[in-house]
There are 2 protein chains.
Amino acid sequence: MKIGQLARKTGAERQTIRYYESLRLLDEPRRNSSGYRVYDDDAARRLMFIKRAKSIGLTLSEIRTLIEISVGKANRCEEIRSFAEDKLRDVREKISHLQTIEKALSDLKGLCESSGDDLHCPFIETLLDDCIKEN
Amino acid sequence: MKIGQLARKTGAERQTIRYYESLRLLDEPRRNSSGYRVYDDDAARRLMFIKRAKSIGLTLSEIRTLIEISVGKANRCEEIRSFAEDKLRDVREKISHLQTIEKALSDLKGLCESSGDDLHCPFIETLLDDCIKEN
DNA sequence: CTGAACCTTAAAGTATACTATAAGCTGTAT
DNA sequence: ATACAGCTTATAGTATACTTTAAGGTTCAG
Ligand SMILES: [Zn+2]
Ligand SMILES: [Zn+2]
Ligand SMILES: [Zn+2]
Ligand SMILES: [Zn+2]
């Protein structure tokens, strides 16, 4: 399988595959006599692993960590669980941060909706005034 | 007020202030005889506006939009409310995406915890296998 | 044999929001 | 006088995850 076939099979771009190789997310493939990359099904499996891992919010560097933990030998469940806990904590923090933002935004929007004063929109005024006490 | 004083007053870095100016988030200040930037309290207010707007999750380009909508004249509440609605939709989408990720991660972690098989960790196996049916 | 499709590399561009560096001018305190 | 803080500009670096470009070699159909 050359790079274009692998790309078609997995839905990744050729350049992305080379990029992942440069990040050591994919093993260096063997080369044919013309220097072209030649892949097997394990490479496709690895690439799909990366795609799925990305879809659950892992960064490429986290995915490399996961590959390093689990490649070849036994999967080191203890490390994997602690990895998952760290990531879950991150995700939950992000959610709660966004919920704070959501509340702030909808509060401001509510102020604007109930004010009726187009000259001093409380959405804008609140952002302008809350921090500096016009000294 | 020179740039250093404005920086101290608002907690922004001098370079950040110049950067915001280059993005037209801050008006070009007047210059003194040596070419130094000279600011007034309105500039400080504007800078704090940017800080607060960032704290509720707005990007610099969204903040520029908000400034363009509201600067000088009446605040155009209708546009502001539609802006807020767009942003709220974004934030809610992000939250729900993260909640999906949270569920996937904790499900995988649960699989690992209840398996006891360190040789084929279901966390890794699921990511490896779900997409390609080892053809 | 020519052109299209496919492969190679290295380097630069994209987006976001800064942060740092270089090289140099200004202002003030001692 | 001179050190030191503070100002100027333009340019490059950081992080993430690609995408694009340039310049060229390979393979195969017609
Ligand atoms: Zn309003
Ligand atoms: Zn006010
Ligand atoms: Zn496990
Ligand atoms: Zn399997």
Side-chain angles (χ1 to χ4, degrees), chain A residues 1-40 43 46-67 87 90-91 94 97-98 101, chain B residues 1-40 43 46-67 87 90-91 94 97-98 101:
Chain A
M1 194 167 24
K2 279 179 289 184
I3 198 169
Q5 291 165 277
L6 179 62
R8 254 168 269 127
K9 181 167 185 171
T10 59
E13 298 281 338
R14 288 192 307 276
Q15 309 94 291
T16 305
I17 294 171
R18 292 191 201 102
Y19 175 62
Y20 286 175
E21 180 187 327
S22 80
L23 297 180
R24 292 177 303 111
L25 293 172
L26 295 174
D27 296 332
E28 281 191 25
R30 59 189 185 80
R31 304 292 182 117
N32 71 10
S33 52
S34 322
Y36 290 13
R37 288 170 177 82
V38 176
Y39 296 97
D40 57 18
R46 171 70 67 84
L47 199 42
M48 293 313 297
F49 175 87
I50 295 168
K51 280 196 119 182
R52 294 210 86 227
K54 269 172 55 68
S55 81
I56 61 165
L58 304 187
T59 65
L60 296 184
S61 116
E62 289 166 337
I63 294 169
R64 184 167 47 212
T65 301
L66 211 47
I67 289 170
K87 191 67 196 179
D90 288 357
V91 169
K94 268 184 198 151
H97 184 223
L98 282 170
I101 284 173
Chain B
M1 195 167 24
K2 279 180 289 183
I3 197 167
Q5 290 165 277
L6 179 62
R8 253 168 271 125
K9 181 167 186 171
T10 60
E13 297 282 337
R14 289 191 308 275
Q15 308 96 292
T16 305
I17 294 171
R18 292 190 202 102
Y19 175 62
Y20 286 175
E21 180 186 327
S22 79
L23 298 181
R24 293 178 300 111
L25 292 172
L26 295 174
D27 296 332
E28 282 191 24
R30 59 189 186 80
R31 303 293 182 116
N32 71 10
S33 52
S34 323
Y36 289 14
R37 288 168 176 82
V38 176
Y39 297 97
D40 57 19
R46 171 70 67 84
L47 199 41
M48 294 311 299
F49 176 88
I50 296 169
K51 280 197 119 181
R52 295 212 84 226
K54 269 172 55 67
S55 81
I56 60 165
L58 304 188
T59 65
L60 296 185
S61 115
E62 290 166 335
I63 294 170
R64 184 167 47 214
T65 301
L66 212 48
I67 289 170
K87 190 67 195 181
D90 288 358
V91 170
K94 268 185 199 152
H97 183 223
L98 283 170
I101 284 173

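Residue numbers begin at 1 in each chain, while the letters A, B, ... track the order of the sequences.
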B:I101 to A:S55 - nearest heavy-atom pair and separation
CG1-O, 3.8 Å
Grab the two heavy atoms, one from A:I63 and one from A:I50, that are nearest each other, plus how far apart they are.
CD1-O, 3.7 Å
Between B:K51 (side chain) and B:A12 (backbone), is there a donor-acceptor pair under 3.5 Å?
no
What is the distance, to the nearest angstrom, from the [atom1] atom on [X] to the [atom2] atom on [N]?
X     : N      : atom1 : atom2 : answer
B:Q15 : D:dA10 : CD    : P     : 15 Å
A:K51 : D:dA17 : NZ    : C1'   : 14 Å
B:E21 : C:dC18 : CD    : P     : 15 Å
A:Y39 : C:dC6  : OH    : P     : 16 Å
B:R18 : D:dT9  : CZ    : C1'   : 9 Å
A:R37 : C:dC7  : CZ    : P     : 10 Å
B:R14 : D:dG6  : CZ    : P     : 7 Å
B:L47 : C:dC18 : CG    : C1'   : 14 Å

Terminal axes of the helix from C:dC1-D:dG30 to C:dT30-D:dA1 (five pairs each): angle between them, nearest 10 degrees:
30°
Is any side-chain N of the basic residue among A:R37 and A:E21 closer than 4.0 Å to the acidic one's carboxylate O?
yes
Does any part of the side chain of B:R46, heavy atoms only, come nearer than 4.5 Å to the side chain of B:I67, both counted from C-beta?
yes
Give every pair of a protein N or O atom and an N or O atom of nucleotides 14-17 of chain C that lie under 3.5 Å apart, one pair per line with the distance.
| residue | atom | partner | partner atom | Å |
| --- | --- | --- | --- | --- |
| C:dA17 | OP1 | B:L60 | N | 3.4 |
| C:dA17 | OP2 | B:L60 | N | 3.3 |
| C:dA17 | N7 | B:Y19 | OH | 3.3 |

Polar pairs (N or O, both sides) under 3.5 Å between protein and nucleotides 26-30 of chain D?
| residue | atom | partner | partner atom | Å |
| --- | --- | --- | --- | --- |
| D:dT26 | O4' | A:Y36 | OH | 2.9 |
| D:dT26 | O3' | A:S34 | OG | 2.9 |
| D:dT27 | OP1 | A:S34 | OG | 2.0 |

